[in-house]
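Here is the structure we will look at.
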Amino acid sequence: MTASTTTPPRTTDDDWWRSAVVYQVYVRSFADSDGDGVGDLQGIRERLPYLRDLGVDALWLTPFYTSPMIDGGYDVADYRDVDPMFGTLTDFDEMITDAHALGLRIIVDLVPNHTSSAHRWFTAALAAGPDSPERARYLFAEGRGEHGELPPNDWESIFGGPAWTRVADGQWYLHLFDPAQPDLNWRHPEVRAEFSDVLRFWLDRGVDGFRVDVAHGMIKAEGLPDVGFSTMTTGQRQVELLGKGRLPYFDQDEVHEIYRAWRPILDSYPGGRMAVAEAWAETPQRLARYIGPDELHQAFSFDFLDATWSADSFRKVIDTALAESAVVGAPTTWVLSNHDKQRHVTRYGDGAEGLRRARAASLLMLALPGCAYLYQGEELGLPEVLDLPDELRQDPAFLRTGESRDGCRVPIPWSGELAPYGFGPAGSDLSWLPAPATWRGLSVAAQTGVADSTLELYRAALRIRHEHPALASGAGGVTWLETEPGVLAFTRAAGAAVLTCVVNLSGAPVLIDGYGAPIAASEALTGQGSGHLLPVDAAAWFERR
Ligand code: GLC
Ligand code: MG
């Protein structure tokens with residue numbers, strides 16, 4: 001139906017996702033084509049050549065569907081349409097056609113755990129009243145206490161406060177996130193049928209895959225049992241965003257039935273359509289249950305994102321993630337930053353030290369087997385914006401928990417001397433969040449062609465990752481080399497071609513000798529005898545052929 005199906009991506013390999021580098025586009029902060037201060041689909045379309053030149057394989061687009069935007073679009077009112085803020089379905093078709101022509105695949109976000117409270121199903125449920133078929137699609141329940149004035153159980157919203165809200169007729173409904181995001185009842189056949197249809201709707205439009213939001217959340221334990229503690233009773237939060245733990249509302253075994261039903265739908269389309277789970281599981285073993293030949297293709301390894309800046313911490317999560325994905329025959333899925341987490345420059349210490357470490361961690365990630373997800377702006381070395389004025393913050397969690405994810409969602413600086421640095425069309429100075437003055441030197445234009453810039457480091461690393469036989473397939477494991485304490489060194493090999501990645505987390509420069517010629521480095525290396533000195537908090541790739 002769309003032209004995109006007739007202009008397939010350059011590579012037709014069905015296994016493309018096993019080694020892909022996927023670039024996460026947080027749509028409202030990427031590029032604004034119409035000057036309203038909000039990023040949009042035509043903005044993405046205009047910037048596709050930039051992404052092709054960066055060297056990524058695919059884009060993951062955060063939700064652009066019809067939404068009241070209470071949770072940045074993760075509150076979907078219509079799963080089959082584009083919000084006017086972001087454009088139209090025609091804009092989507094044009095964008096994906098151009099992306100495919102440039103060899104870029106498109107993954108869209110799917111939000112199945114909850115709808116927006118503005119979704120027609122929820123409006124109908126409120127109107128229809130208790131015990132109606134309309135309410136059965138959500139999780140409505142009677143309250144506790146003499147007059148039902150207490151929530152049905154002690155479950156807590158991830159955004160703070162109780163996970164239940166009472167409606168006018170006295171019933172309560174469940175929302176694991178904001179009250180504007182009512183949870184669906186996934187034991188209801190209509191809910192299942194609806195999402196199978198939504199999958200097909202976007203597959204028919206040519207999408208190459210889905211990122212499944214809160215993939216561990218759709219099934220709740222029968223009887224909705226209490227957790228036993230909460231912020232309100234014991235002061236201990238049940239779970240934080242991307243957190244872990246055994247909870248009656250997360251990671252129930254029955255959720256896997258849903259993915260076993262989705263997989264044949266994905267497999268019925270040509271070209272390797274895939275899905276990646278955003279699942280928060282208690283252990284890497286439980287996370288691995290989401291992936292494999294009869295469920296989803298990938299699940300983000302958030303343990304890698306959570307690793308602290310030490311050789312032991314990284315080595316442990318890398319080994320565990322590789323082992324667990326090998327068991328199920330799936331690729332590992334590395335990620336350092338996303339739209340929910342503080343940017344890794346800032347997590348690693350901010351300022352010059354944080355940037356050095358972030359660059360080194362990125363080289364580490366891009367040398368590992370499997371798939372890697374980049375978050376827009378990390379290729380520019382953007383830090384978290386920590387000093388946004390409170391009144392501009394829009395994260396719904398902010399008012400409830402005091403924590404906000406807005407600092408990693410500030411619009412991308414493209415060019416120019418003044419904020420918002422080319423985010424919008426010429427002459428527009430609107431942006432929904434303000435970029436700091438310090439970002440002038442971090443724009444795409446400011447870094448392009450500058451040899452030691454973070455942007456050129458990413459470009460070089462992505463080019464090598466594609467071309468080097470030891471990295472290109474994404475397959476195989478890593479072979480750890482013996483090193484001094486605090487230094488990580490491993491090889492990837494294909495025949496005689498051997499690539500060694502070394503990361504120095506030791507606190508002192510380290511002499512590297514015998515791994516061959518350096519082909520990428522996060523900081524300048526200095527020659528010493530036959531070897532090279534790798535500075536503190538730096539990573540480098542060496543090759544022998
Ligand atoms: C996921 C999204 C996050 C959103 C939440 C609720 O964790 O990444 O941004 O707030 O789900 O949909
Ligand atoms: Mg716009």
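Atoms within each ligand, like the ligands themselves, are counted from 1 in listed order. Keep in mind that what you see is a predicted model, and the values were worked out from it rather than measured.
- For Lys341, the closest heavy-atom approach to ligand 1 does not fall below 4.0 Å.
- Here the protein heavy atom with the shortest distance to atom 10 (O) of ligand 1 is Asp71 OD2, 2.5 Å.
- His216 and Tyr290 have their aromatic ring centers separated by at least 6.0 angstrom.
- Annotation: ring pair (Phe, Tyr, Trp, His ring centres under 6.0 Å) contacts of Phe300 (sequence neighbours excluded): Trp60, Phe302, Tyr373.
- For atom 1 (C) of ligand 1, the closest non-hydrogen atom on the protein side is Asp213 OD1, 2.7 Å.
- With waters neither drawn nor counted, the protein N/O/S atoms under 2.8 Å from the Mg ion (ligand 2) amount to 5.
- When each of Leu61, Thr88, Val25 is checked for a side-chain contact (heavy atoms from CB on, under 4.5 Å) with Leu41, only Leu61 meets the rule.
- Residues satisfying the side chain to side chain donor-acceptor pair (under 3.5 Å) test with Asn153, not counting sequence neighbours, are Trp164.
- With respect to atom 7 (O) of ligand 1, the closest heavy atom belonging to the protein is Glu278 OE2, 2.7 Å.
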Decide salt bridge (Lys or Arg N to Asp or Glu O under 4.0 Å) for Asp390 and Arg393; before the verdict, give the C-alpha distance in whole Å, the side-chain angles of both, and the deciding distance to 0.1 Å. CA-CA 5 Å; Asp390 285 355; Arg393 293 187 185 270; 3.7 Å; yes
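- Shown in contact with Arg211 at under 4.0 Å from a heavy atom are these atoms of ligand 1, numbered in order with element: 2 (C), 8 (O).
- Polar contact with ligand 1: present for Arg405 (N/O pair, distance under 3.5 Å).
- Looking at Asp303, Asp251, Asp306 one by one, the single match for salt bridge (charged side-chain N to carboxylate O under 4.0 Å, His left out) with Lys244 turns out to be Asp303.
- Trp202 meets the ring pair (Phe, Tyr, Trp, His ring centres under 6.0 Å) test with Phe64, Tyr65, Phe92; sequence neighbours excluded.
- Between Asp91 and Arg45, none of the side-chain N atoms (NZ, or NE/NH1/NH2) sits under 4.0 Å from a carboxylate O, so this pair counts as no salt bridge.
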Side chain to side chain contact (heavy atoms under 4.5 Å, CB included) for Arg405 and Leu241? Distances and angles first, verdict last. CA-CA 10 Å; Arg405 297 164 289 173; Leu241 201 77; 3.6 Å; yes
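- Close approach of ligand 1 to His114 (heavy-atom distance below 4.0 Å) involves ligand atoms 6 (C), 12 (O).
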After noting the C-alpha distance and the side-chain angles of Glu378 and Arg343, does the key distance pass the salt bridge (Lys or Arg N to Asp or Glu O under 4.0 Å) rule? CA-CA 8 Å; Glu378 72 169 78; Arg343 284 185 177 277; over 6 Å; no
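- In summary, Glu257 and Arg192 engage in a salt bridge, as defined by a charged side-chain N under 4.0 Å from a carboxylate O.
- Contact annotation for Tyr26 and ligand 1: no heavy atom of the residue comes within less than 4.0 Å of the ligand.
- Listed by number with element, the atoms of ligand 1 under 4.0 Å from a non-hydrogen atom of Phe159 are 10 (O).
- Considering only non-hydrogen protein atoms, atom 5 (C) of ligand 1 sits nearest to Phe177 CE2, 3.7 Å.
- Scanning the protein for heavy atoms near atom 8 (O) of ligand 1, the closest one is Asp340 OD2, 2.5 Å.
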